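Structure first, commentary second.
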Protein chains: 4
Amino acid sequence: MFIEIETTSDIPIYTQLVNQLIGLIAAGILKPNEPLPSVRSLAADLGVNMHTVNKAYHELERKNILKIIPKSGAVVNDLKIPTEQQISTITQLLKPIIAESIVYGMQEEEIVSLASLLFSEYKEG
Amino acid sequence: MFIEIETTSDIPIYTQLVNQLIGLIAAGILKPNEPLPSVRSLAADLGVNMHTVNKAYHELERKNILKIIPKSGAVVNDLKIPTEQQISTITQLLKPIIAESIVYGMQEEEIVSLASLLFSEYKEG
Amino acid sequence: MFIEIETTSDIPIYTQLVNQLIGLIAAGILKPNEPLPSVRSLAADLGVNMHTVNKAYHELERKNILKIIPKSGAVVNDLKIPTEQQISTITQLLKPIIAESIVYGMQEEEIVSLASLLFSEYKEG
Amino acid sequence: MFIEIETTSDIPIYTQLVNQLIGLIAAGILKPNEPLPSVRSLAADLGVNMHTVNKAYHELERKNILKIIPKSGAVVNDLKIPTEQQISTITQLLKPIIAESIVYGMQEEEIVSLASLLFSEYKEG
DNA sequence: GTGGTCTAGACCACG
DNA sequence: GTGGTCTAGACCACG
């Protein structure tokens, strides 16, 4: 698992974990139906508390990205078509960043290229 | 000032303020070189703590979006070309959202259109 | 036996088994004095651990719904009139659900109709 | 707050708390828009850990029964009309209990009266 | 062996 | 002062 936690960051560890796990799934390194490491083993690997990993897993379950199977583990869900709610979530997250890019003087072309580039980077490797 | 604060939201008030001020600047409602309302008056308007508005202004200064002139007030900076650092900031903010959209099954076309749409809404609306 | 176990559910398998067996008895599919399948065969059928089926059977015996005859098997009891204790059990189970329905804004008419509907579905279908 | 926790029960403390708080709301003792005690004060009152109360509050928020306002407290939501999902939740909870009552030999009339009685007890005090 | 629950205690961000 | 986050450590239910 290529996960790196910055304990000095002011982003909560469980949020860092959520983001990095999403990144690994987006990059295809963690595949649908593939089991994630147990909360205990991942916590030991990363040197963080079991509860912190557990919170990240539950956050990902809430986002419908994985399914926690009690006493067994967690597996990545196979999502094919985004739901209305998921598109709305992405829109709400995107809004303030687009605004910020405009304020910085970026052009539509630039922000669109950037989004496109990042998309390809995940998809292709 | 068309700012609405949701005191019950779990997004900190100062973050809401930062985002809404960025939105107003992106939409051209607050223009470069235009002075912002004083910390005191904006706080009174919104019914929030003075320190909260102050924190938002300093956050915007840190982002180089406005300039705080002690004893005088704050003015919107005139940003024409994004700096390396600002592009890097936007990239870092965009990354986890693009990843999340991929995990939800969104296509490149969809995410690019969404970014483009949001960009236009600010610029034209 | 029309029993379906969801191994990914967060309801324990033995609880699912208890509920489904109660459902089959309520629907008249399993009849009084009729022997249940052996722990071993049911476990094999469902692909679950023998101990899990055993635990479910003992839970049903504790509820006085079936009788386990050691070395022989389990048979459905013929219950005609509910005991005080059974009515008390049902009351205790019902209480928090009625409370939750009230909190959700349901009317007495609605909850009573729902109970009545579910009753008929078991009895007639 | 008339809440009693049984530490010896095998029902998790946070579940007991959830049920009792729902009961207090159903009975109108806790009213819509009324603030609940802080997690710390309620935990101290009941002699349980802060995190346990916190978990109960979050569970009630998930059920849309209250709203947690970070740094401020929690307030009871004002629910007027049950959503589809809430009716479905109640139905799923009711099902196995209705089945169990049938197995015990209860008649439709009895179970309906019981539901009606419990409803009235909450509503009228 | 796994996740679930709970405790005790700590520091922090927000306002 | 509040909830949010995190840790360290414990016992338990399930299977």
Side-chain angles (χ1 to χ4, degrees), chain A residues 5 7 9-17 35-44 46-59 61 67-74, chain B residues 5 7-17 43 46-56 59, chain C residues 5 7-17 43 46-56 59, chain D residues 5 7 9-18 35-44 46-59 61 67-75:
Chain A
I5 297 300
T7 47
S9 164
D10 54 352
I11 300 172
I13 295 175
Y14 83 89
T15 305
Q16 293 182 46
L17 254 172
L36 273 76
S38 79
V39 290
R40 275 175 171 75
S41 67
L42 184 54
L46 301 175
V48 302
N49 194 280
M50 184 198 79
H51 293 101
T52 307
V53 176
N54 202 29
K55 186 165 186 176
Y57 278 20
H58 276 93
E59 178 68 14
E61 188 178 47
K67 171 142 191 59
I68 296 170
I69 305 167
K71 324 298 169 191
S72 162
Chain B
I5 298 299
T7 49
T8 64
S9 163
D10 51 354
I11 300 171
I13 295 176
Y14 86 91
T15 304
Q16 292 183 47
L17 253 173
L46 301 175
V48 302
N49 197 296
M50 219 184 68
H51 295 77
T52 307
V53 176
N54 201 36
K55 183 163 185 178
E59 178 70 13
Chain C
I5 297 300
T7 49
T8 65
S9 163
D10 52 354
I11 300 171
I13 295 175
Y14 85 90
T15 305
Q16 293 183 47
L17 253 173
L46 301 174
V48 303
N49 196 296
M50 217 183 69
H51 294 78
T52 307
V53 176
N54 201 35
K55 185 164 185 177
E59 178 69 12
Chain D
I5 297 301
T7 45
S9 163
D10 54 351
I11 300 172
I13 295 175
Y14 84 89
T15 305
Q16 293 182 46
L17 254 171
V18 165
L36 273 75
S38 78
V39 291
R40 276 176 170 74
S41 68
L42 184 53
L46 301 175
V48 301
N49 194 279
M50 184 198 81
H51 292 99
T52 306
V53 176
N54 202 30
K55 185 164 187 176
Y57 278 18
H58 276 93
E59 178 69 12
E61 188 179 47
K67 171 141 189 63
I68 296 170
I69 306 166
K71 325 298 171 193
S72 163
V75 295

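Given the structure is predicted, the values throughout are model-derived calculations rather than measurements. Residue numbering restarts at 1 for every chain, and letters A, B, ... go by the order of the sequence lines.
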When the distance from CG of Asp10(C) to C1' of dG15(F) is rounded to whole Å, what number comes out?
-> 16 Å
By side chain to side chain donor-acceptor pair (under 3.5 Å) - contacts of Glu59(C) (at least two apart) | Arg62(C)
So NZ of Lys55(B) and OG1 of Thr15(B): to nearest 0.5 Å the spacing works out to 7.5 Å
Check the pair Ile69(A), Thr7(C) against side chain to side chain contact (heavy atoms under 4.5 Å, CB included), reporting the backbone distance first and the verdict last.
-> CA-CA 8 Å; Ile69(A) 305 167; Thr7(C) 49; 5.9 Å; no
At what distance, to the nearest 0.5 angstrom, does CD of Glu61(A) lie from CG of Asn54(A)?
-> 10.0 Å
Gap separating the CD atom of Gln16(B) from the CD1 atom of Ile5(B), nearest 0.5 angstrom = 5.0 Å
Are side-chain heavy atoms of Val53(A) and Leu17(A) found at a separation under 4.5 Å?
-> yes
dG4(F) phosphate, OP1 or OP2, under 4.0 Å from Asn54(D) side-chain N/O | yes
How long is the span from the CG atom in Asp10(B) to the NZ atom in Lys71(D), to the nearest 0.5 Å?
-> 10.0 Å
Report yes if some heavy atom in the side chain of Thr52(C) is under 4.5 Å from a heavy atom in the side chain of Leu46(C); otherwise report no.
-> no
Quickly work out the Lys67(A) NZ to dG3(E) C1' distance and round it to whole Å.
-> 13 Å
Starting at CD1 of Ile69(A) and ending at C1' of dG1(E), how long is that distance when rounded to a whole Å?
-> 15 Å
Enumerate, in order of first residue number, the stems that involve DNA chain E, defined as 3 or more consecutive Watson-Crick or G-U wobble pairs with both distances under 3.5 Å.
-> E:1-14 with F:1-14
Which nucleotides of nucleotides 6-12 of chain E have their base under 4.0 Å from a protein heavy atom (B), which only their sugar-phosphate (S), and which neither (-), written as one string 5' to 3'?
-> BBBB-B-
Nearest whole angstrom, please: distance from the P of dG3(F) to the NE2 of His58(D).
-> 10 Å
